[in-house]
Amino acid sequence: MDIEPEQIRRAVAAHLDDAREFLCDLVRTPSLPGEESAVTDVVAGAFARVAEVQRVEMTNTLRDDPDYSDPIPGIDYTGRSNLRVAVPGAGGGRTLLLNTHLDTVPPSQGQPDPYVPHERDGSIWGRGSCDAKGQVATVYLAMAAVAELGMTLPGDLIAHLVAEEEVGGNGTLAMVRAGERADGCIVLEPCDFKVLTSIRGAVWFRVTLTGRPGHPGRSGLNRSALDMAIRVVEILRGYHDRLLADSRGHPLFDRYDNPMPLTVGKLHAGNWPATAPGEAGLEGVLGLLPNKTAEQVMAEMTAAIAAEGGPEIADNFAIHFMYRHDASETDPAGPLPAAVLNAARAFGVDAPVDAMTASCDACFYNNILSVPTLVFGGGSLSVAHSNAEHMPVADLARAAEVLTAAAIGFCGGQP
Ligand SMILES: [Zn+2]
């Protein structure tokens with residue numbers, strides 16, 4: 001297929017205003033995890049102009065899946081759906097699957113007008129503008145460009161636009177369980193045009209400690225659950241240090257000082273200054289690299305707390321894992337990374353192969369469906385989830401150009 005970069009550039013430019021408006025509509029429509037229905041309707045309406053749109057219903061049986069994440073207990077799936085959009089090919093080519101998410105994290109403290117999209121310094125600002133509504137707009141713009149070029153690609157171009165990525169990927173899990181066949185998958189996240197072929201995993205954990213509450217005057221009889229929780233944090237820090245040392249030797253992850261941090265984000269205990277707390281809970285996330293499975297890390301964390309905290313902790317703690325993602329990798333020399341790198345080169349975009357030091361939905365495609373999957377996208381992870389979240393309009397155009405050229409190159413190849 002002979003298409004010049006300049007033709008793609010013109011096709012993207014023809015729909016850029018439309019995509020920018022669409023992105024503003026998305027930012028204007030709040031979509032916290034579990035509350036994506038309104039934005040799903042907006043997205044379905046827009047994509048109907050450029051692709052076949054199918055609503056894929058979710059049901060509460062998803063909660064029984066062994067890979068289900070439950071940071072929001074009891075979340076209901078009745079009446080909720082993901083979207084599967086498709087630009088069918090003529091046949092004989094490779095199928096390219098795209099994935100990105102419709103949910104966002106809540107506004108950050110101090111974020112001005114999170115749901116009032118505003119354009120400033122060439123960027124669109126607001127919650128979700130880059131993570132990942134700017135990615136949804138990128139997929140839309142690429143599909144619009146393919147239509148504008150009047151092309152029927154040999155292979156299918158499909159996108160999964162999903163719910164609940166920010167709480168563990170339950171939307172993508174539902175799509176993967178529904179079944180999909182593809183020769184390659186690009187998960188779109190804001191990552192400064194890096195081609196991320198190794199993606200770390202993560203476990204989210206909740207540790208509950210049971211103490212023996214009482215008056216401070218009961219010398220020696222109380223057992224403070226708060227003190228136990230602080231000791232557990234120290235034990236987990238020690239475990240993280242050993243895990244990090246064991247995980248060295250990976251060419252892409254070794255560039256980072258700590259590609260798999262331990263973060264304890266929540267700690268609560270007690271209800272009175274002068275009472276030893278009877279219960280304490282802490283919640284956090286620990287990253288992991290491809291040398292370990294999430295299963296191994298969960299077992300080792302549990303064993304470390306039981307072994308190092310003494311009998312008082314060993315007999316009085318419970319641990320629950322809300323989110324369990326393995327790391328995932330695809331060969332950077334494979335046909336999909338090659339198609340993306342070629343496309344980036346054609347548009348003068350600096351797109352280095354790198355590792356992703358965050359966890360995302362790529363593992364479901366790489367590990368469950370065995371579809372070679374990488375992560376790519378415009379916008380910057382450095383502003384995602386922050387009170388300065390924004391998406392440069394130039395990135396929207398560049399990413400759509402690269403995606404369009406990558407789709408043409410990849411879908412034109414032999415499956
Ligand atoms: Zn995201």
Side-chain angles (χ1 to χ4, degrees), residues 22-23 26-27 29-36 39-40 43 69 71-72 82-83 97-108 111 114-115 117 123-140 159-176 185-202 204 259 261 263 265 285 287 322-323 325 327-328 354-366 373-392 395-396 399-400 403:
F22 175 43
L23 175 52
L26 297 179
V27 171
T29 313
S31 56
L32 296 179
E35 299 167 17
E36 302 96 340
V39 90
T40 303
V43 172
S69 300
I72 308 178
N82 292 308
L83 297 177
L97 178 60
L98 308 173
N99 166 293
T100 194
H101 60 93
L102 304 180
D103 60 317
T104 73
V105 296
S108 298
Q111 184 174 18
Y115 299 123
S123 290
I124 291 166
W125 294 67
R127 177 48 87 228
S129 53
C130 72
D131 185 12
K133 291 173 172 178
Q135 314 304 323
V136 178
T138 301
V139 174
Y140 170 81
H160 291 173
L161 306 170
V162 302
E164 277 186 45
E165 188 273 346
E166 297 290 359
V167 290
N170 295 322
T172 294
L173 176 64
M175 293 305 279
V176 161
C185 175
I186 301 173
V187 173
L188 283 103
E189 290 281 1
C191 51
D192 303 288
F193 298 104
K194 288 176 182 164
V195 177
L196 304 172
T197 55
S198 291
I199 297 106
R200 79 149 162 78
W204 286 23
T263 303
V285 56
M322 296 94 87
Y323 169 136
H325 277 189
S328 85
D354 207 333
M356 186 173 195
T357 58
S359 143
C360 75
D361 282 359
C363 60
F364 294 110
Y365 298 106
N366 260 326
T373 301
L374 58 81
V375 180
F376 179 76
S380 182
L381 195 64
S382 64
V383 296
H385 297 206
S386 84
N387 57 14
E389 183 172 3
H390 63 277
M391 176 76 178
D395 278 24
L396 179 59
L403 204 56

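Whatever order the structure lists them in is the order used to number ligands and atoms, beginning at 1. As the structure is a computational prediction, the values presented were derived from the model and not from experiment. Because only heavy atoms are used, hydrogens play no part in the values below, and waters and symmetry mates are left out as well, while side chains stay in.
The minimum distance between the Zn ion (ligand 1) and any N, O or S atom of Glu189 involves atom OE1. For the Zn ion (ligand 1), the nearest N, O or S atom contributed by His101 is named NE2. Distances from the Zn ion (ligand 1) to the N/O/S atoms of Asp131 are shortest for OD1.
For the Zn ion (ligand 1), the set of nearby N, O or S atoms under 2.8 Å includes none belonging to Glu166. Taking backbone and side chain together, Cys360 holds no N, O or S atom under 2.8 Å from the Zn ion (ligand 1).
Classification of the His325-Phe364 ring pair by plane angle, with boundaries at 30° and 60°, yields perpendicular. Between Trp125 and His390, the ring planes lie parallel to each other; the angle is under 30°, not in the 30° to 60° tilted range.
Using a distance-only test at 3.5 Å, with no hydrogens or angles considered, no donor-acceptor pair links the side chain of Glu189 to the main chain of Gly378. Looking only at distances, no side-chain donor or acceptor of Asn99 sits under 3.5 Å from a matching main-chain atom of Val187. For Asp131 (side chain) and Thr104 (main-chain N/O), no donor-acceptor pair under 3.5 Å exists by modelled atom type.
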